[in-house]
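Below you'll find the structure, written out as structure tokens, and then a few comments.
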Amino acid sequence: KLKEEFGDRVEFVTFHQSFSYEDFVEGLKAKTEDGKLSYAVENGVFKEICENAKISGNTSIKKLNVAIEELKEEIEEAPLELETLKQKKPFTLAYCGNSAFYAKPNAGKVDIPVTIGAIIELYKNPDIKNGDKGVYHPTYTAPVIKCLRKKFDLPDYQETSDRGPHILIIDEINRGNISRIFGELITLIEPSKRAGKEETISVKLPYSKEDFSVPENLYIIGTMNTADRSLTLMDTALRRRFDFVEMLPNAKLVKGNFEGIKVKKILETINQRIEILYDREHLIGHSFLMNIDKLEQLKNAFKNKILPLLEEYFYEDFAKINLVLGGDSFYKKDDKTLGDITRTIYQKQDIDKLDAKDFINIYQNTENNPA
């Protein structure tokens, strides 16, 4: 629903062991064209949403971006002939499919990059000094802006303070190598270090060489399962920069009520017992039992999700699992004797053969019920 309402103002990414800085911030991506291999700098999801957040609500920048895209299409068909504003030196403007145009002076042999970032910064501030905010070749960047104004009726830049929030949701944030993924940006995400704040910090990115800062209207939400043992490996630096908000199972979202079974009561009772026998970080999530309105669905949820989870939690200590389940309907106790050796074993029952009473007993049967 949020994606539908806010579009590119909400981005979602999942961390994993192979996720890298190049995927998250920026990196070189290989491509082939006419049999030739080349490398271009491409933005990762974090840099992309930061760029969107910086221009949020600014119609001037949006019009500039549209004009730049139209110029790209035009130049891909045929290079554009331009000249510098002061000395009137002719040059050819080309685009090679990455984050920069290239100026080719008629009197020289070296291609001069005119980055899209430099175009944006010089458009915002024509008096910016060479080298500030990634603007390194204003002599060739300024004619491009003049061309954009003339060809696409680009208006003067107008600043706006009405910047809406942008949200980056990082699922499984504890599964990635935080130091490798965030790199030098780990400092920039602090609220006091954001762009526009008193302690603003910017860094020069290693691939694009652009000056980069994190806008204050970007919010980062990381989600994780606290029962996951990889939580202990989470980078201390990241822990310090996030507020930790506990999201406990919400039994109110479980509304199943059929054949005398109150599914909400099953979840509440199981979790009460788990909290006593284990801890509150291993409670059963409400998603396992949401939208269940048939006995067959409930059996599948227990067989394929809940019982395997309990076996993992309690290391197949079936006596404790039976305490959680309020009886032995799911794991029958049996004493096996071989010679003079007697051993108690638990036999997992065929869940498909259980009836409604077996599930009702979870919260009705008080025998061996520590809750």
Side-chain angles (χ1 to χ4, degrees), residues 3 5-11 25-26 41-76 80 82-86 93-95 97-103 112-168 188 194-197 200 202 204-205 208-219:
K3 285 286 286 184
E5 182 176 354
F6 297 109
D8 63 2
R9 288 171 61 185
V10 178
E11 291 291 346
V25 185
E26 67 170 15
V41 178
E42 289 191 8
N43 293 343
V45 63
F46 183 72
K47 185 180 177 185
E48 195 69 35
I49 197 171
C50 282
E51 297 299 331
N52 290 335
K54 288 176 183 177
I55 64 172
S56 179
N58 193 313
T59 56
S60 296
I61 297 298
K62 289 182 178 179
K63 290 179 180 179
L64 173 63
N65 285 333
V66 170
I68 289 173
E69 291 303 316
E70 292 179 355
L71 185 63
K72 287 179 183 178
E73 294 180 4
E74 183 175 321
I75 291 179
E76 282 179 341
L80 191 64
L82 299 175
E83 62 179 19
T84 60
L85 300 185
K86 292 183 178 180
L93 189 70
Y95 177 67
N98 50 29
S99 60
F101 294 92
Y102 286 90
I112 299 172
V114 178
T115 67
I116 292 173
I119 294 173
I120 293 173
E121 293 299 333
L122 196 63
Y123 170 67
K124 290 164 60 177
N125 181 10
D127 298 324
I128 195 170
K129 295 181 180 180
N130 183 37
D132 287 352
K133 296 188 176 182
V135 180
Y136 290 103
H137 303 286
T139 301
Y140 294 96
T141 306
V144 176
I145 296 174
K146 180 181 178 180
C147 172
L148 290 170
R149 291 181 186 277
K150 183 177 180 180
K151 277 182 170 290
F152 308 107
D153 196 24
L154 184 66
D156 291 338
Y157 175 75
Q158 296 291 328
E159 186 61 80
T160 178
S161 59
D162 184 22
R163 296 196 300 171
H166 285 242
I167 300 97
L168 175 62
L188 272 60
R194 301 290 187 95
K197 297 295 184 179
T200 298
S202 64
K204 192 174 296 295
L205 296 177
S208 63
K209 306 303 179 185
E210 296 176 4
D211 289 326
F212 180 79
S213 60
V214 178
E216 60 179 331
N217 60 325
L218 173 65
Y219 296 83

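One-based numbering along the sequence shown. Excluded from the calculations below are hydrogen atoms, water molecules and symmetry mates; all remaining heavy atoms, backbone and side chain alike, are included.
- Crowding of Lys72 atom NZ: a count of heavy atoms from other residues, nucleotides or ligands under 6.0 Å exceeding 12.
- Contact annotation: the side chain of Ser208 never approaches that of Thr115 to less than 4.5 Å [non-hydrogen atoms, C-beta and beyond].
- Atom CD1 of Ile145 and atom CG of Leu122 lie 4.0 Å apart (nearest 0.5 Å).
- Checked for salt-bridge contact, Lys63 and Asp153 miss the test: no charged N lies under 4.0 Å from a carboxylate O.
- By the 4.5 Å heavy-atom criterion applied to side chains, Pro143 and Glu83 are not counted as neighbours.
- The only option from Thr141, Leu80, Ile75 that meets the side chain to side chain contact (heavy atoms under 4.5 Å, CB included) definition with Phe101 turns out to be Ile75.
- No side-chain heavy atom of Leu64 sits under 4.5 Å from any side-chain heavy atom of Ile55.
- Among all heavy-atom pairs drawn from Ala100 and Tyr95, the shortest one is O-CD1, 3.4 Å.
- With contacts defined as side-chain heavy-atom distances shorter than 4.5 Å, the pair Tyr157/Pro126 does not qualify.
- Taking every heavy atom of both residues into account, Lys209 and Lys204 meet most closely at O-CG, 3.4 Å.
- The distance from the NZ atom of Lys86 to the OG1 atom of Thr84 is 10.0 Å, given to the nearest 0.5 Å.
- Expressed to the nearest 0.5 Å, how far CG of Asp156 lies from OG of Ser60 amounts to 8.5 Å.
- Cys50 and Pro215 make their closest contact through O-CG, 3.6 Å (heavy atoms, listed as atom of the first residue, atom of the second, distance).
- If you take NE2 on His137 and OH on Tyr102, they are separated by 10.0 Å, rounding to the nearest 0.5 Å.
- Considering only residues two or more places apart in sequence or on other chains, Glu74 meets the salt bridge (Lys or Arg N to Asp or Glu O under 4.0 Å) condition with Lys151.
- Smallest separation of non-hydrogen atoms from Tyr219 and Pro165: CE1-CB, 3.7 Å.
- Note that the CD atom of Glu11 and the CD1 atom of Ile49 stand 5.0 Å from one another [nearest 0.5 Å].
- Looking at His166 and Asn217, their side chains come closer than 4.5 Å, going by heavy atoms from C-beta outward.
- Two residues are said to be in side-chain contact when any heavy atoms from C-beta on lie closer than 4.5 Å; Lys47 and Glu210 meet this criterion.
- Looking only at side-chain heavy atoms (C-beta outward), Ile119 and Leu148 come within less than 4.5 Å of each other.
- Heavy atoms only, all atoms of each residue included: Phe152 and Ala67 are closest at CE1-O, 3.7 Å.
- The minimum heavy-atom distance between Leu168 and Phe46, with the atom names listed, is CD2-CD1, 3.6 Å.
- Annotation: ring pair (Phe, Tyr, Trp, His ring centres under 6.0 Å) contacts of Phe212 (sequence neighbours excluded): none.
- Atom NZ of Lys197 is surrounded by 12 or fewer heavy atoms from other residues, nucleotides or ligands within 6.0 Å.
- Between atom CG of residue Leu71 and atom CD1 of residue Ile116 there is a gap of 9.5 Å, rounded to the nearest 0.5 Å.
- The side-chain heavy atoms of Val10 and Glu5, taken from C-beta on, include no pair separated by under 4.5 Å.
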